[in-house]
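Structure record follows, encoded as structure tokens.
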Amino acid sequence: MTTYDHSTSETKWQSAWANGETFKAGLQGDKKKKAYVLEMFPYPSGRIHMGHVRNYAMGDVIARYRLSNGYDVLHPMGWDAFGMPAENAAMANNTQPKTWTYENIAAMREQMQRLGFALDWDREFATCDPEYYGQQQKIFLEFWKAGLIYRKSSKVNWDPVDHTVLANEQVIDGRGWRSNALVETRELTQWFFKITDYAEDLLDGLDGLDRWPNKVKMMQANWIGRSEGLQFHFAFADDTPCETAENIEVYTTRPDTLFGASFVALAPDHPIVQHLGQSNPELRAFSDKCARLGTSEEALERAEKEGIDTGLRVKHPFIEGKTLPVWTANFVLMSYGTGAIFACPAGDQRDLDFARKYDLPVVAVVCPQDKSPDEAEISETAYTGPGTIINSGFLNGLDVETAISKAIAAIEDAGQGKRTINYRLRDWGVSRQRYWGCPIPAVHCDKCGVVPVKAKDLPIILPDEVSFDQPGNPLERDIDWKTTLCPSCGGDAVRETDTLDTFVDSSWYFARFCSPRDGAPVDLKASKHYLPVDQYIGGVEHAVLHLLYARFFTRAMKDCGLLDIEGREPFAGLFTQGMVTHQTFKNEAGEWLQPDLVERKGEAWFEKGNGKPVVAGAIEKMSKSKLNTVDPKDIIARFGADVARWFVLSDSPPERDVEWTSAGVEGANRLVQRVWTCACATAERTGTKDVGEDLLRLTHKTIKAVGEDVEGFRFNRAIARLYDLLNALRKESENNNTAPIMRIFTQLMAPFAPHLAESCWEKLGGQGLVATAAWPTFDPALCEDEEIMIPVQINGKRRGEFSAPRGLSKDDAEKLALANEGAIRALNGLTVRKVIIVPDRIVNIVAN
RNA sequence: GCCGGUGUGGCGGAAUUGGUAGACGCGCGGGAUUCAAAAUCCCGUUUCCUUUAGGAAGUGUCGGUUCGAUUCCGACCACCGGCACCA
């Protein structure tokens, strides 16, 4: 018997799998019974980290389990390879994004292959391959033809020093991350996908996603934010006409509170405010200040509520002669509804805070059930619940629901507005003023305007070499690349230099995996066979955007005839795993530091080597940009791939976040050695007697439980059960033939520690590869014990227990409980009032 | 700020979803083996009080429903994710 040598074993079995095309889709299992298992593909940052190992190990367990259960498994891998980090690296290291990206991909592929994942590498691609983004450009043209694409002006964060557009992430406290200049907002004409056309469809589709976590469905529903309400207009008061607008269009979900309206508020970037600002410096200053908050909704919402009176007044629609002041306020978003609201401070906390701050009137209009109208007055807390309408003319006495309908009817009758369904979801802006992305296949011609590139001229390939010595988008300065002929008139024209949001790349890659080398974006037969993805696995951080965009793409592609799929949903099953987090560190200059360059002395942290003080930051998900990643290479080198895989799955429930610690890796390594020792000892045993009934029962229970745990993503529990079975196996008498049980153990362990399992399988005389061996079955009769322990409680506290056969009658259970020694002791001096018996579970005696 | 989530021993966590709280692993303590160590094996390990045995408290905090609550309800606290140009 030798110690288990992981590196020999890994090399051996990885090449055996590769040579046997074990994980190639379409070659194993039953073609009619397919399983498409997919983990969200990684951004090629250069090195994999423990978060990747956890993510891909989970998918691998599922893929291997399905393979053992006779499925034709599609389990591919690729690279989400466009995006900003490549440009940043190019600037920092004087290299090209393309070079940097493909080198990273090579390094990460190598690391992943060492982990022995059951992947079909023949289907690999990167989104920055022209073969991929060329197909994406075809999709773009089809969407354009279908009316799903348009251009409009919208805001970007502008760095006035670097002359470049900044991502929200690059705006820190209102300043550019590199230049430290105060960020401005600029209007640019940009490309949009009409995702709002699918708002209702995307919302409805959530109902059918029974294998999605509720939290994700809820977040998506809230994001789409369907609301029913009233869109109507306020006419300007006679003494304050407005030059640019006839009236103010507002949207409200609470028209029942119109009588409580105390002001109208416009977004700071509302056209009316912009216009007034031209002649009102105070107003302009306010708009400018709001613009400096950047474009992120978070920044806008967290800013202190402020506003300014525009001086305009509007007529109240229901109260003759009453007018309301028109303010502009930073909590009103131009992007939602009409960019204008009416405020009823009594019924909305933000409106109330604002009204108190600027001394605007507050009139209670909804009286809660448990209060009388004179108690309904509002002080510091707005009332948003149900109740009876008061102080509201013709709506008085109605409940909220009825009042809403009646108010809408009144406005509609007066021709001032109509019932409207509104969505929070906005159209998807896909323009990026960057080089390292998929070029938008459009041409600007002075004569013909914006013209689509002809499909036969695709792909529009990015230039390989660009210069980053000036800020801004290198494509704009690349005259050779930019200059072209108009596809329509043949005259001189220029290419569109905006590239696509990288979310576009990841919105259909799962479909491309079905036929990765096809001349069309997706081969319809292949997509019909393999889609939808049966099990999609990725971080919760993608719960809204990526998943919503992919759902939109699936619908749009299907409607354009680019995709064939049963139903309209790309991911039938979704599992959102928790993140692997780690403390972040910064030096005095505010630069991120790697955890392994930092050491702790007492309560404080210092840089290793130079001893400079270090600021310990938040514990956040591992990400290359914050340098708080932990590379699995040391663990793999010391203990092997199986230990790394086993360890990341063994302790924490997959959906929970884990703070990274290597404490316990030795435990996983001990297990691997113990399994190998046990397998070797088993193979050498000569005992021929059947194993004991306890072990047999435990084995069947374990087969059942591990299967259920794997299907339910409870890998930590499955592993705990494997420990149990192994412990029992090791205690079994030398005289018994444990080989059949050890072979079952090996199979159950295989999805978690596949190399070790192959070695054990071979040692134990298993046929072929354990990877493709049929999953063991269990006998339900052996999964339940005949004798069970039943606890006895007195007044809810456990005082004893007795052993009894399963299915014991209630009468017998009561007798045995009352005769129980512990129960008798506890009942001393008490009178039994009631006995509660849950069969095969518990007996609770109530006494006093 | 808004939306979603999480909270159980020294640590990661388990608990058949309202029925014995702490499975399994890590760590720690004790022992065996060894010239010694490593490795391995065995035993113990929620806290506190009494020590064969027993009792009390205990699942972020406070309160509620129930014969019985980690599980259901209400309020609060802490942390994490997302917020449309990070991916």
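As the structure is a computational prediction, the values presented were derived from the model and not from experiment.
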Taking the side chain of [X] as its heavy atoms from C-beta onward, which of [options] lies nearest to it?
X         : options                   : value
Asn157(A) : rG54(B), rG4(B), rC85(B)  : rC85(B)
Met219(A) : rC41(B), rC3(B), rC85(B)  : rC3(B)
Arg798(A) : rA21(B), rG19(B), rC85(B) : rA21(B)
Glu298(A) : rA87(B), rC83(B), rG5(B)  : rC83(B)

Remember a base hit wins even if backbone is also touched, and classify [X] as base, sugar-phosphate or nothing at under 4.0 Å, heavy atoms.
X         : result
Ser652(A) : sugar-phosphate
Lys797(A) : sugar-phosphate
Gly429(A) : sugar-phosphate
Arg721(A) : nothing
Trp428(A) : nothing
Arg833(A) : nothing
Leu300(A) : nothing
Met40(A)  : nothing
Val835(A) : nothing
Val165(A) : base
Ser296(A) : sugar-phosphate
Phe503(A) : base
His546(A) : nothing
Pro653(A) : sugar-phosphate

With [atom1] as the reference atom in both, quote the distance from [N] to [M] in angstrom, rounded to an integer.
N       : M       : atom1 : value
rU8(B)  : rG58(B) : C1'   : 10 Å
rG60(B) : rA53(B) : C1'   : 35 Å
rA57(B) : rG7(B)  : P     : 25 Å
rA23(B) : rU33(B) : C1'   : 30 Å
rC80(B) : rC28(B) : C1'   : 30 Å
rU71(B) : rC2(B)  : C1'   : 29 Å

Under 4.0 Å between a side-chain N or O of [X] and OP1 or OP2 of [N]?
X         : N       : answer
Arg670(A) : rG27(B) : yes
Arg656(A) : rG7(B)  : yes
Arg350(A) : rC2(B)  : no
Asn727(A) : rC24(B) : no
Lys834(A) : rU66(B) : no
Arg841(A) : rU20(B) : no
Asn222(A) : rG4(B)  : yes
Asn716(A) : rA14(B) : yes

Do [X] and [N] share a donor-acceptor pair, side chain to base, under 3.5 Å?
X         : N       : result
Gln433(A) : rC85(B) : yes
Glu297(A) : rC83(B) : no
Asn844(A) : rC67(B) : yes
Gln190(A) : rC85(B) : yes

With distance as the sole test, does [X] use its side chain to make a donor-acceptor pair with the main-chain N or O of [Y] at under 3.5 Å?
X         : Y         : result
Tyr132(A) : Tyr509(A) : yes
Thr295(A) : Asn157(A) : no
Arg674(A) : Asn727(A) : no
His52(A)  : His49(A)  : yes
Asn820(A) : Glu801(A) : yes
Arg551(A) : Leu202(A) : yes

Could you give the [atom1]-to-[atom2] distance, from [X] to [N], as a whole number of Å?
X         : N       : atom1 : atom2 : value
Asn669(A) : rU40(B) : CG    : P     : 9 Å
Tyr549(A) : rC85(B) : OH    : C1'   : 10 Å
Asn795(A) : rG55(B) : CG    : C1'   : 16 Å
Leu545(A) : rA84(B) : CG    : C1'   : 5 Å
Ile836(A) : rG18(B) : CD1   : P     : 17 Å

ask   = So Phe193(A) and Phe553(A), would you call those rings parallel, tilted or perpendicular, with 30° and 60° as cut-offs?
value =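 The arrangement is tilted - the two ring planes meet at 30° to 60°.
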query = More than 12 heavy atoms of other residues, nucleotides or ligands under 6.0 Å from CD of Glu187(A): is that the case?
reply = yes
task = Consider only side-chain N and O atoms of Ser506(A) and Asp80(A), and report whether a donor and an acceptor are under 3.5 Å apart.
result = no
key: Residues from residues 701-715 of chain A lying under 4.0 Å of RNA chain B - heavy atoms   =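 Within this stretch, nothing sits under 4.0 Å of the strand.
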Any Lys/Arg nitrogen of [X] or [Y] sitting under 4.0 Å from an Asp/Glu carboxylate oxygen of the other?
X         : Y         : value
Glu301(A) : Arg350(A) : yes
Glu297(A) : Arg424(A) : yes
Lys357(A) : Glu304(A) : yes
Asp162(A) : Arg178(A) : no
Asp427(A) : Lys194(A) : no

message = Could you spell out the base pairing of RNA chain B as a dot-bracket line? Use Watson-Crick and G-U wobble contacts where both distances are under 3.5 Å, [ ] for crossing pairs, | for partners on a different strand.
response = (((((((..(((......[....)))((((((.......))))))((((....))))..(((((..]....))))))))))))....
message = Could you check rG13(B) for me: syn (within 90° of 0) or anti?
response = anti
ask   = Under the rule syn = chi within 90° of 0, otherwise anti, which is rU33(B)?
value = anti
inquiry  = Let me spell it out: for each of Arg432(A) and Gln793(A), pick the nucleotide of RNA chain B with the closest heavy atom. Which residue's pick is nearer the 5' end?
reply    = Gln793(A)
task = Return the 5'-most residue of the pair Val216(A), Ser431(A) with respect to RNA chain B, ranking by each residue's nearest nucleotide.
result = Val216(A)
